[in-house]
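First up is the structure itself, then whatever we jot down about it.
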Amino acid sequence: MVIESNWQKMKAHAFEVISRDGGLSVEELEKVVDIGCSDGELDKYEKIVLINIISNLTRADMNDAMWTKVEELIEKFDLQLDSEATIEQFDDDNEDNC
């Protein structure tokens, strides 16, 4: 059984929210994570998306609650925020799968 990654849904949801609101709240970040975890786990591509989203949070996004949530996600999913992985690299690697 092949489980399909939800990285595209995560990316689209985050983009939609940021475009609409100009930023991301803790609740919206949790929704992005929920999309990725809907199949029971956060796969490597979903982690790349999450890392990219977290890496692009602005100063305005980073209140105390957001810092707490980001630290929780880093620990829970063993995210490496200094990863060389980028969404652009992932997109290029998977062009044939779209």
Side-chain angles (χ1 to χ4, degrees):
M1 181 171 124
V2 175
I3 297 176
E4 202 169 305
S5 181
N6 290 314
W7 72 268
Q8 291 171 316
K9 291 177 186 176
M10 292 171 66
K11 186 177 171 181
H13 181 75
F15 181 78
E16 176 187 329
V17 169
I18 293 168
S19 294
R20 180 183 63 230
D21 299 340
L24 203 64
S25 70
V26 170
E27 293 78 18
E28 292 160 338
L29 181 58
E30 289 173 340
K31 174 65 177 166
V32 170
V33 173
D34 289 345
I35 292 168
C37 291
S38 65
D39 63 358
E41 70 175 344
L42 201 68
D43 68 34
K44 68 179 182 177
Y45 303 115
E46 293 161 346
K47 285 183 181 183
I48 292 169
V49 171
L50 187 55
I51 289 167
N52 230 357
I53 291 168
I54 291 171
S55 297
N56 287 297
L57 291 172
T58 67
R59 221 177 262 237
D61 295 323
M62 294 307 294
N63 57 34
D64 289 341
M66 184 62 85
W67 275 112
T68 300
K69 176 53 67 178
V70 167
E71 289 172 354
E72 173 189 315
L73 294 173
I74 290 168
E75 184 174 325
K76 181 176 182 176
F77 297 113
D78 192 31
L79 303 178
Q80 302 301 317
L81 293 181
D82 61 346
S83 173
E84 293 181 23
T86 65
I87 297 304
E88 291 77 32
Q89 288 172 336
F90 178 67
D91 286 344
D92 292 342
D93 291 345
N94 288 294
E95 282 180 354
D96 296 333
N97 295 337
C98 296

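Scope of the values below: all heavy atoms of this structure, side chains included, with no hydrogens, waters or symmetry mates.
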Not counting sequence neighbours, which residues clear side-chain hydrogen bond (donor to acceptor under 3.5 Å, both in side chains) with [X]? List them please.
X: Asp64; answer: none
X: Thr58; answer: Asp61
X: Lys69; answer: Glu30, Glu72

- Val32, Leu73, Val70, Ile48 screened by side chain to side chain contact (heavy atoms under 4.5 Å, CB included) with Ile53, the one that passes: Val32
- Message: Could you check whether any side-chain N or O of Glu71 sits under 3.5 Å from a backbone N or O of Thr68, counting only pairs where one atom can act as donor and the other as acceptor?
- Response: no
- Verify, without hydrogens or angle tests, whether Lys47 (side chain) and Phe77 (backbone) share a donor-acceptor contact under 3.5 angstrom. yes
- Task: Specify the closest pair of heavy atoms between Met62 and Leu57, including all atoms of both residues, with the distance to one decimal.
- Result: SD-CD1, 3.6 Å
- Task: Could you tell me which non-hydrogen atom of Met66 sits nearest to which non-hydrogen atom of Leu29, and how far apart they are?
- Result: SD-CD2, 3.6 Å
- Message: Rounded at 0.5 Å granularity, tell me how far NZ in Lys44 sits from OG in Ser5.
- Response: 10.0 Å
- Could you note down all residue pairs passing salt bridge (Lys or Arg N to Asp or Glu O under 4.0 Å) where residues 13-24 supplies at least one of them, sequence neighbours left out? Glu16-Arg20
Can you sort out the partners of [X] under side chain to side chain contact (heavy atoms under 4.5 Å, CB included), two or more places apart, ordered by chain and number?
X: Ser25; answer: Glu27, Glu28
X: Ile35; answer: Asn6, Lys9, Met10, His13, Lys31
X: Ala12; answer: none

- Message: Do Trp67 and Val33 land in one hydrophobic cluster if side-chain heavy atoms of ILVMFWY residues count as linked below 4.5 Å?
- Response: yes
